[in-house]
Amino acid sequence: MKVNFYTSLREYNEKKGEFDKAIQSVIEKGNFILGEQVTQLEKDIQEYTGAKHAIGVASGTDALVIASDILGFKDGKEVITSPFTFLASASCIIKHKGKPVFVDIDEDTLQIDVNKIEEKINENTVGILPIHLFNQMSDMDKIMEIAGKHNLRVLEDAAEAFGMRFKGNSGEYRHSGTIGDFGVYSFFPTKTLGGYGDGGMIVTNDDNLAQLVKSYRVHGASKKYHYDFIGYNSRLDTLQAAVLSVKLKYIDEAIKKRENIAKLYIEGLKDCKNIRFPKVKGDQHQVYYVFNILAENRYELAEYLKKNEIGTSIYYPMPLHLQKSFQYLGYKKGDFPVAEKIAQEIIALPIYPEMTTEEVEFVCETIKKFYRK
Ligand SMILES: *Cc1c(COP(=O)(O)O)cnc(C)c1O
């Protein structure tokens, strides 16, 4: 049995009529840039997440860069973040010459270790950039408490976290991205809410910050051809917004199906002594964007699964502080032992709403067979 790591085709074939109609409606109107489908999606995402403002941009990466620019994560200022994430979570700080300051991760949750943040704060620190990674949110209670105490801005990288909610001290479940000053989502095709190309969104509850994002995405213009800032050319494509509107209609169902697949994996692999699962901390509503295991002989396991036509992925094989592009920051091997260890053990298994029970069971059986060898 061949099991793809991901495919968009099953969902497309299931809802072909709806997707085709949505795409065609844009082409027939010709409203390709900031058409009404973008405005509608922004409204729908405000409603879904409870964010006061949602502003579509060209990608999750752009969303991070624009938000960092507006929050002053630049010009030598320091921003505390995790080295165990996708490049864009830290390159957005560097883009305008800010300095990412890394803090190791919590071994159980793989999120930033909130107990190590405060020791890195100095008079140059302006922000914290938590990443809600894989399937759970970082400890937003602690992060907001530290930020409040030290007057720091918080940018939530919720690129992978659409649909996740965190309860904590507020007593109510709040969506990822809506707790800090800004939150960003990515609509990269594999993401929980993924388009048919690149796309992203910035959410905020602050009217002034929202106004700035709206201006920054159109070159810093306050009105057409009147530029108050040096901004960006970064809009969510109308075609993507149309596709995403179809997907958003079924998002709760899709999240539920992901959860069911995760449960099947946990059930199927729970007796396998050679692997561990990351743990979830805090009262939160998880979303399984990816399903990771921490595995003995990870490289050999990955090879074995590949030979058996099972797609896997490694998020992330090299923590950011060891990347060549970040060498100038002066970090070295051993600086973040937890992130470095997890990078050797972690492997992501296929998960998407249209996966069948038989496929999940086949993956579990193949993993167990590998360790029995
Ligand atoms: C996907 C991702 C991004 C970038 O999003 P793009 O839309 O691909 O630019 C940023 N941060 C994290 C953690 C991601 O997983």
Side-chain angles (χ1 to χ4, degrees), residues 5-6 8 38 41 45 54-69 73 79-95 100 102-103 105 109-112 127-138 140 143 154-164 176-177 180 182-203 213 217 232-237 239-241 243-244 247 258 278 286-292 313-321 323 325-326 339 342-343 346 348 351-352:
F5 183 68
Y6 170 75
S8 60
V38 175
L41 183 75
I45 285 186
I55 303 122
V57 295
S59 69
T61 301
D62 272 11
L64 285 164
V65 171
I66 293 171
S68 294
D69 191 354
F73 293 1
V79 178
I80 296 171
T81 191
S82 157
F84 194 65
T85 177
F86 180 59
L87 170 94
S89 316
S91 62
C92 63
I93 302 162
I94 297 171
K95 209 77 199 175
F102 294 123
V103 164
I105 52 171
T109 64
L110 318 182
Q111 310 294 308
I112 189 167
I128 308 176
L129 198 160
I131 304 109
H132 308 308
L133 207 62
F134 304 136
N135 64 352
Q136 65 179 302
M137 287 176 66
S138 302
M140 287 308 290
I143 287 165
V154 175
L155 168 53
E156 292 175 69
D157 183 346
E160 301 190 358
F162 193 80
M164 292 185 200
S176 70
F182 275 131
V184 313
Y185 303 126
S186 162
F187 303 136
F188 186 81
T190 61
K191 303 277 156 103
T192 305
L193 179 62
Y196 287 173
D198 279 312
M201 197 161 272
I202 300 178
V203 290
V213 177
R217 77 173 165 179
Y232 302 78
N233 176 17
S234 183
R235 280 89 54 141
L236 176 64
D237 209 276
L239 278 168
Q240 296 307 331
V243 169
L244 290 161
K247 293 237 199 173
R258 285 176 178 274
Q286 287 182 269
V287 173
Y288 281 93
Y289 163 56
V290 292
F291 191 88
N292 277 312
S313 191
I314 293 173
Y315 310 117
Y316 298 94
M318 187 191 275
L320 296 184
H321 67 286
Q323 299 284 345
S325 51
F326 288 7
I342 297 294
I346 199 159
I351 188 168
Y352 46 95

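Source: prediction; values computed, not measured. What's counted below: heavy atoms across the whole structure, side chains too, no hydrogens, waters or symmetry copies. Numbering of ligands and ligand atoms starts at 1, following listing order.
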Practice item. Write out the residue and atom name of the closest protein heavy atom to atom 15 (O) of ligand 1, then the distance separating them to 0.1 Å. Key: E160 OE2, 2.6 Å
Check your understanding: For atom 8 (O) of ligand 1, what is the nearest protein heavy atom, given as residue, atom name and distance?
Key -> F188 CD1, 3.7 Å
Practice item. Taking the side chain as every heavy atom from C-beta outward, state whether Q111 and P130 have any atom pair closer than 4.5 Å. Key: no
Check your understanding: Can any side-chain N or O of S234 pair as donor or acceptor with the backbone N or O of A58 at less than 3.5 Å?
Key -> yes
**Study point:** Between T190 and Y289, a side-chain donor and acceptor under 3.5 Å
**Key:** yes
Review point. Parallel, tilted or perpendicular for F102 and F326, by the 30°/60° rule?
Key: parallel
Exercise for review: Check whether any heavy atom of A63 sits under 4.0 Å from an atom of ligand 1.
Suggested key: no
Check your understanding: Is it the side chain, the backbone, both or neither of V184 that has a heavy atom closer than 4.0 Å to ligand 1?
Key -> neither
**Study point:** Closest protein heavy atom to atom 9 (O) of ligand 1, given as residue, atom name and distance to 0.1 Å
**Key:** T61 OG1, 2.5 Å
Review point. Y185 side chain to S176 main-chain N or O, any donor-acceptor pair under 3.5 Å?
Key: yes
Exercise for review: Output yes when a side-chain donor or acceptor of Y196 lies under 3.5 Å from a complementary backbone atom of S8, and no otherwise.
Suggested key: no
**Study point:** Enumerated ligand 1 atoms positioned under 4.0 Å from heavy atoms of A159
**Key:** 2 (C), 3 (C), 10 (C), 11 (N), 12 (C), 14 (C)
Study note, to complete from the structure: Closest heavy-atom approach to atom 5 (O) of ligand 1 among S186, G199, A158, A58 is made by S186
Check your understanding: Starting from atom 14 (C) of ligand 1, which protein heavy atom do you reach first, and at what distance in Å?
Key -> K191 NZ, 3.2 Å
Point to revise | Residue and atom name of the nearest protein heavy atom (relative to atom 13 (C) of ligand 1), distance in Å to one decimal | key: D157 OD2, 3.5 Å
Check your understanding: Taking only heavy atoms of I131, which atoms of ligand 1 are found under 4.0 Å from at least one of them?
Key -> 13 (C)
Exercise for review: May I ask you to check if ligand 1 and T85 share an N or O to N or O distance below 3.5 Å?
Suggested key: no
Review point. Quick one: are V290 and N135 in side-chain contact, heavy atoms under 4.5 Å?
Key: no
Exercise for review: Could you check if a side-chain atom of I66 sits within less than 4.5 angstrom of a side-chain atom of F182, using non-hydrogen atoms only?
Suggested key: no
Study note, to complete from the structure: Which of L110, L133, L129, I105 passes side-chain contact (heavy atoms from CB on, under 4.5 Å) with S82? It is I105
Check your understanding: ligand 1 and D198, any nitrogen or oxygen pair closer than 3.5 angstrom?
Key -> no
Practice item. Identify, by atom number and element, the atoms of ligand 1 in contact range of G60, meaning under 4.0 Å from any of its heavy atoms. Key: 5 (O), 6 (P), 7 (O), 9 (O)
